[in-house]
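Computed from heavy atoms alone, side chains included, the values below leave out hydrogens, waters and symmetry copies.
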Amino acid sequence: MNLAQKKQNARTVLQRVKEHYPAAKCTLNHRDPFELLVATVLSAQCTDERVNRVTPRLFKLFPTAQKMAAAPIEEIERSIRSTGFYHQKAKSLRQSSIFIRDKFDGKVPSEMDQLIQLPGIGRKTANVILGTAFRKEAGVVVDTHVKRLSRRLGLTAEQTPEKIETDLIKILPRDDWTIYSHLIIRHGREICNARKPACADCFLKDICPSADQKDRRK
């Protein structure tokens with residue numbers, strides 16, 4: 001499939017998922033960029049539902065970067081233990097909070113080059129924050145759902161998130177970079193799941209190269 005065909009397919013995918021999931025949005029509960037940063041860090045190797053159960057109390061304890069920066073690491077760990085990998089997550093959250101407090105006047109930065117300076121914050125998390133909290137189309141969030149579905153739909157053949165994002169940026173309208181991820185994640189959860197995709201019920205099956213394949217690789 002050449003680039004022009006991929007662009008056309010991508011636009012068709014976007015049109016259909018927008019129609020099917022009109023309310024798709026970020027499923028991590030948050031009220032400001034700092035809360036979204038925290039929730040996104042916690043979501044690594046953890047479900048959004050679990051994160052949303054943990055964060056209400058966490059945000060009461062540490063509502064700002066200044067509060068979290070001053071907190072004992074053990075207290076942060078206790079508060080996020082159920083999200084898994086809590087030692088590393090607590091370390092990243094506290095160090096990032098210190099960085100935000102000391103380098104950015106206590107405010108989460110709104111530029112990619114500044115966000116990825118924060119300890120534990122990579123491009124994926126930065127894309128989430130920029131696209132959702134700041135409404136800046138800086139890139140495409142590539143999580144496991146976006147990786148799996150973008151490959152199944154023939155929009156990329158790459159394996160790494162970085163290369164997949166590069167391919168998607170070439171074929172998706174820039175205004176849709178953020179919403180594409182929300183829509184594809186929703187579709188991955190409801191229909192095109194990892195082990196048993198419901199191809200017979202999928203509204204994309206006529207344009208999906210993987211729809212009639214028995215061996216579906218992630």
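Looking at K124 and E165, no side-chain N of the basic residue comes within less than 4.0 Å of a carboxylate O on the acidic one, giving no salt bridge. Salt bridge K6/D167: absent, no basic N to carboxylate O contact under 4.0 Å. A salt bridge does not link E49 to R53: none of the charged side-chain nitrogens sits closer than 4.0 Å to a carboxylate oxygen. Taking 4.0 Å as the cut-off between side-chain N and carboxylate O, K136 and E111 count as a salt-bridged pair.
The closest donor-acceptor contact from the side chain of Q5 to the backbone of N2 lies under 3.5 Å. Although no hydrogens or angles enter the test, the distance criterion places a donor-acceptor pair under 3.5 Å between the side chain of K147 and the main chain of Q159. Judged by distance alone, with hydrogens and angles left aside, the side-chain atoms of S210 form a donor-acceptor pair with the main-chain N or O of R152 at under 3.5 Å. Checked by atom type and distance alone, the side chain of T125 never pairs as donor or acceptor with a backbone atom of G122 at under 3.5 Å. Between the side chain of R123 and the main chain of E162, no donor-acceptor pair closer than 3.5 Å is present.
The environment of R81 atom CZ is sparse: at most 12 non-hydrogen atoms of other residues, nucleotides or ligands sit within 6.0 angstrom. Heavy atoms from other residues, nucleotides or ligands lying under 6.0 Å from CZ of F85 number 12 at most.
Note: the hydrophobic cluster containing L118 also contains F34 (ILVMFWY, side chain heavy atoms under 4.5 Å, direct or indirect links).
Inspection of the D48 and T27 side chains reveals an N or O donor paired with an N or O acceptor under 3.5 Å. At a cut-off of 3.5 Å, with distance as the only test, no side-chain donor of S79 or Y86 sits close to an acceptor on the other residue. Side chains of N29 and E35: no donor on one and acceptor on the other come within 3.5 Å.
Separation of atoms CG (N193) and CZ (R148) is listed at 6.5 Å; rounding is to 0.5 Å.
The two atoms that bring D201 and I191 nearest to each other are O-CD1, 4.2 Å, heavy atoms only.
Screening E137, R135, K25 against T178 for a side-chain contact (heavy atoms from CB on, under 4.5 Å) leaves a single residue, E137.
Every side chain to side chain donor-acceptor pair (under 3.5 Å) that R16 has, sequence neighbours left out, goes to D206.
When side chains are defined from C-beta on, Y21 counts as touching E190, because their heavy atoms get closer than 4.5 Å.
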